[in-house]
Colleague: 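Could you have a look at this structure, given as structure tokens, before my questions?
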Amino acid sequence: MFDIKWIRNNAEAFDAAMLRRKGDFATAADLLNIDDRRRDIIVRLNDAQEKRNAMSKQIGQAKAQKDEAKASELMAEVARLKDIIPVAEADERLVEQELHVALSVLPNLVFDDVPQGNDESDNVEYFGRNGTEETVANVRASKPEFSFAPKEHFEIGEANDGMDFEVATKISGSRFVVLKGQIARLERALGQFMLDLHTTEHGYTEVQPPLLVRDEALFGTNQLPKFEEDLFFAGHGDGRLALIPTAEVPLTNLVRESILSEEELPLRFSALTPCFRSEAGSAGRDTRGMLRQHQFNKVEMVSITLPNASFDEHERMLGCAEAVLKKLGLHYRVMDLCTGDIGFGAKRTYDLEVWLPGQDTYREISSVSICGDFQARRMNTQYRPGGGEKLKGGLPFVHTLNGSGTAVGRCLIAVLENYQQEDGSVLIPDVLKSYMGGLTSIGGRS
RNA sequence: GGAGAGGUGGCAGAGUGGCCGAAUGCACCGCACUCGAAAUGCGGCAUGGGGGUGACUCCAUCGGGGGUUCGAAUCCCUCCCUCUCCGCCA
């Protein structure tokens, strides 16, 4: 969400930056036109209100002095303002709303060095601030070699009686799956492992948030008003609640409408939750297997930081997500999303793409974004700087970041495909064994 | 689901139609005292939006929205939220 004053003072920069985004957006001139009308109305309204207030005060004084004649005279005079004030108030509401709507559908500005591009094919592989292809190769698992043709995850899952798409369809329709037995346990183990990792080693506070949220929370994290069709809603009384598409929504909104103190920042939250997405725009894509589901589990990380700390926090958070894949021994790459692929609220996004040998391709398993003050403005989350210095222009907004660490369902796919054996069994990665009751492998011919 | 109470500044908490953007306390900031600190004293301290080069000034905001009134934190309607009791329930 933009500050119209900022746009007024940076009109050219705003237009230039918005042109980098895919899609057509209002220009600074369009927006300032609305704002000019808004200010004209405010001047008119304030003027009338000032007169009314002054006269009302005189009426009170006249009445106190029992001067009923003067009071009546003034009341007749102020009555004329009753025609103009309600009209001006209505005008102001309309134009305020118009400006709010116009601003709320604008995507965030990306950083200058985000790669320009149209779609995911223009994303650029990222090796860290000072990294190279060689430095990352040393700390990441390499692509596994197979002496046989590796299977896809659903073949492994179904062969082990651990994944049932048909019965899920009977119960809930397409894009659902039923996990069973050791596969179900492996999914649970992965989620537990990730959440434990972030809370014990990465400084995140474990949170169990609501999974049903109000429209206001969704506005705060940009799902509304533009992406309503991606959401599931549950009716509630005369209203509705949305099923969270990601725990980013409740975790980020933990600080909505509040003023934090500088000392308590950064705040770091992590949660393991189901996520619900309608996948309205993706009919026909990834229909086989459990890659793209209406419901999946995900471990989410959210950081609330001071403005000058968010840039480094982004790299730190990327490292937290990468740690999951490193500890699981999964091969992956990091992509710096181009302007055509980056999300609405992000200033920069890194995607982690894990190697899936069964599909012979990399697939997104995590997305780590820095939003600057974009969401903080939508949520109205500010902080009070320490030291108590005088503040010109109001309290500053916090910065928000979010990242998956990681999508659990997709990570299950990755473990199954990367750790599969020729006999159909799947080895359990070392870090998961304690979560699997000591099992070293599951499935296979018995 | 039924009955009741309540939502006021960073926090606590007074305020039932004009003298209230709002007492008081805490927290915070400045100054004085002190070698320094504590204690004490004095002063400052809400947010948003306009106008003005500026000193400054105006408007709005007491959970949200609407209404009554010349005038609303205060009265009315409505929505949201919180709490208490009863009922039901994982």
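As the structure is a prediction and not an experimental result, all values here were calculated from the model.
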Colleague: How long is the line joining CG of A:L81 and P of B:rC70, in whole Å?
Modeller: 12 Å
Colleague: I need the CD-P distance between A:E92 and B:rC58, as an integer number of Å.
Modeller: 19 Å
Colleague: For residues 50-64 of chain A, pull every pair meeting salt bridge (Lys or Arg N to Asp or Glu O under 4.0 Å), keeping only residues two or more places apart or in separate chains.
Modeller: A:D47-A:K51
Colleague: Who are the ring pair (Phe, Tyr, Trp, His ring centres under 6.0 Å) partners of A:F154, not counting sequence neighbours?
Modeller: none
Colleague: If we take the C1' atom in both B:rA22 and B:rG17, what is their distance in whole Å?
Modeller: 15 Å
Colleague: When the nearest nucleotide of RNA chain B is assigned to A:I59 and to A:E96 on a heavy-atom basis, which residue is associated with the more 5' position?
Modeller: A:E96
Colleague: Applying salt bridge (Lys or Arg N to Asp or Glu O under 4.0 Å), which residue pairs with at least one partner in residues 193-209 of chain A are found, sequence neighbours left out?
Modeller: A:E201-A:K327
Colleague: Between A:K63 (NZ) and B:rC70 (P), how many Å, whole number?
Modeller: 9 Å
Colleague: Would you tabulate the nitrogen or oxygen pairs shorter than 3.5 Å linking the protein to nucleotides 63-68 of chain B?
Modeller:
residue, atom, partner, partner atom, Å
B:rG66, OP1, A:R93, NE, 3.3
B:rG66, OP1, A:R93, NH1, 2.8

Colleague: Would you check if the side chain of A:N418 reaches a backbone N or O of A:L330 as a donor-acceptor pair within less than 3.5 Å?
Modeller: no
Colleague: Might you point out which heavy atoms bring A:P245 and A:C275 nearest each other, and give the distance in Å?
Modeller: O-CB, 3.3 Å
Colleague: Counting just side-chain N and O atoms, does A:R80 come under 4.0 Å of either OP1 or OP2 of B:rC70?
Modeller: no
Colleague: Can you list every pair that meets salt bridge (Lys or Arg N to Asp or Glu O under 4.0 Å) and has a residue in residues 276-295 of chain A, with sequence neighbours left out?
Modeller: A:E279-A:R292, A:D286-A:R292, A:D286-A:R363
Colleague: Does the structure show a Watson-Crick or G-U wobble partner for B:rC20, both distances under 3.5 Å? Name it, or say none.
Modeller: none
Colleague: How many whole angstroms separate atom CD1 of A:I41 from atom P of B:rG50?
Modeller: 13 Å
Colleague: Which atoms form the tightest heavy-atom contact between A:F344 and A:N222, and what is the distance?
Modeller: CD2-CB, 3.6 Å
Colleague: Return the nucleotide paired to B:rU68: Watson-Crick means purine N1 to pyrimidine N3 with N6-O4 or O6-N4, wobble means G-U with N1-O2 and O6-N3, both under 3.5 Å.
Modeller: none
Colleague: Take A:G60 and A:R39, find for each the nucleotide of RNA chain B with the closest heavy atom, and name the residue whose nucleotide sits nearer the 5' end.
Modeller: A:G60
Colleague: Taking only nitrogen or oxygen atoms into account, show me every contact under 3.5 Å that the protein makes with nucleotides 74-80 of chain B, one pair per line with its distance.
Modeller:
residue, atom, partner, partner atom, Å
B:rC80, O3', A:R214, NH1, 3.4
B:rC80, O2', A:R214, NH2, 3.3

Colleague: Looking only at atom C1', what distance separates B:rU53 and B:rG36, rounded to whole Å?
Modeller: 46 Å
Colleague: Which residues pass the salt bridge (charged side-chain N to carboxylate O under 4.0 Å, His left out) test with A:D113, not counting sequence neighbours?
Modeller: A:R348
Colleague: Quick one: which protein N/O atoms are closer than 3.5 Å to N/O atoms of nucleotides 59-61 of chain B? Pair and distance per line, please.
Modeller:
residue, atom, partner, partner atom, Å
B:rC59, OP1, A:N53, ND2, 3.3
B:rC59, O3', A:Q49, OE1, 3.4
B:rC59, O2', A:N46, OD1, 3.1
B:rC59, O2', A:Q49, OE1, 2.6
B:rA60, OP1, A:R52, NH2, 2.9
B:rA60, OP1, A:N53, ND2, 3.4
B:rA60, OP2, A:N53, ND2, 3.3

Colleague: Distance between the C1' atoms of B:rG9 and B:rG21, in whole angstroms?
Modeller: 9 Å
Colleague: Round to the nearest Å and state the distance from A:M75 atom CE to B:rU69 atom P.
Modeller: 10 Å
Colleague: Compare all side-chain heavy atoms of A:R240 with those of A:D215 and state whether any distance is below 4.5 angstrom.
Modeller: yes
Colleague: For residues 65-79 of chain A, dump all side-chain donor-acceptor pairs below 3.5 Å to protein atoms at least two apart in sequence or in another chain.
Modeller:
residue, atom, partner, partner atom, Å
A:D67, OD1, A:K70, N, 3.2
A:S72, OG, A:E68, O, 2.8

Colleague: Can you list the residues that meet the ring pair (Phe, Tyr, Trp, His ring centres under 6.0 Å) rule with A:H202, with sequence neighbours excluded?
Modeller: A:H198
Colleague: Between B:rC19 and B:rG30, how far apart are the C1' atoms? Round to whole Å, please.
Modeller: 31 Å
Colleague: Touch check for A:R8, heavy atoms < 4.0 angstrom, all strands: base, sugar-phosphate only, or nothing?
Modeller: sugar-phosphate
Colleague: Taking the six-membered ring for Trp, is the centroid-to-centroid distance between A:H314 and A:Y350 below 6.0 Å?
Modeller: yes
Colleague: Could you work out the separation of B:rU40 and B:rA46 based on their P atoms and round it to a whole Å?
Modeller: 23 Å
Colleague: Provide the distance between the two C1' atoms, one in B:rU57 and one in B:rU34, to the nearest whole Å.
Modeller: 42 Å
Colleague: Using a cut-off of under 3.5 Å, enumerate the N/O to N/O pairs linking the protein to nucleotides 53-55 of chain B.
Modeller:
none

Colleague: Pairing check on B:rG43: which nucleotide meets the Watson-Crick or G-U wobble criteria with it, both distances under 3.5 Å?
Modeller: B:rC29
Colleague: In whole angstrom, give the distance that lies between atom CD of A:E257 and atom P of B:rG48.
Modeller: 15 Å
Colleague: Rounded to whole Å, please give me the gap between CZ in A:R44 and C1' in B:rC58.
Modeller: 17 Å
Colleague: Should A:E313 and A:R316 count as an ion pair when the cut-off is N to O under 4.0 Å?
Modeller: yes
Colleague: Without decimals, in angstroms, what is the distance between A:Q61 CD and B:rC70 C1'?
Modeller: 13 Å
Colleague: Which pair of non-hydrogen atoms, one from A:V110 and one from A:A346, has the smallest distance, and what is that distance?
Modeller: CG1-O, 4.0 Å
Colleague: When you measure from the side chain of A:Q420 to the backbone N and O of A:E417, does any donor-acceptor pair fall under 3.5 Å?
Modeller: yes
Colleague: Mind checking who B:rA3 pairs with, Watson-Crick or G-U wobble, both distances under 3.5 Å?
Modeller: B:rU84
Colleague: For A:F176, which residues count as a ring pair (Phe, Tyr, Trp, His ring centres under 6.0 Å) partner, sequence neighbours excluded?
Modeller: A:H294
Colleague: Take atom C1' in B:rU78 and the same atom in B:rC26, then report the distance between them in whole Å.
Modeller: 36 Å
Colleague: If we take the C1' atom in both B:rC89 and B:rU16, what is their distance in whole Å?
Modeller: 41 Å
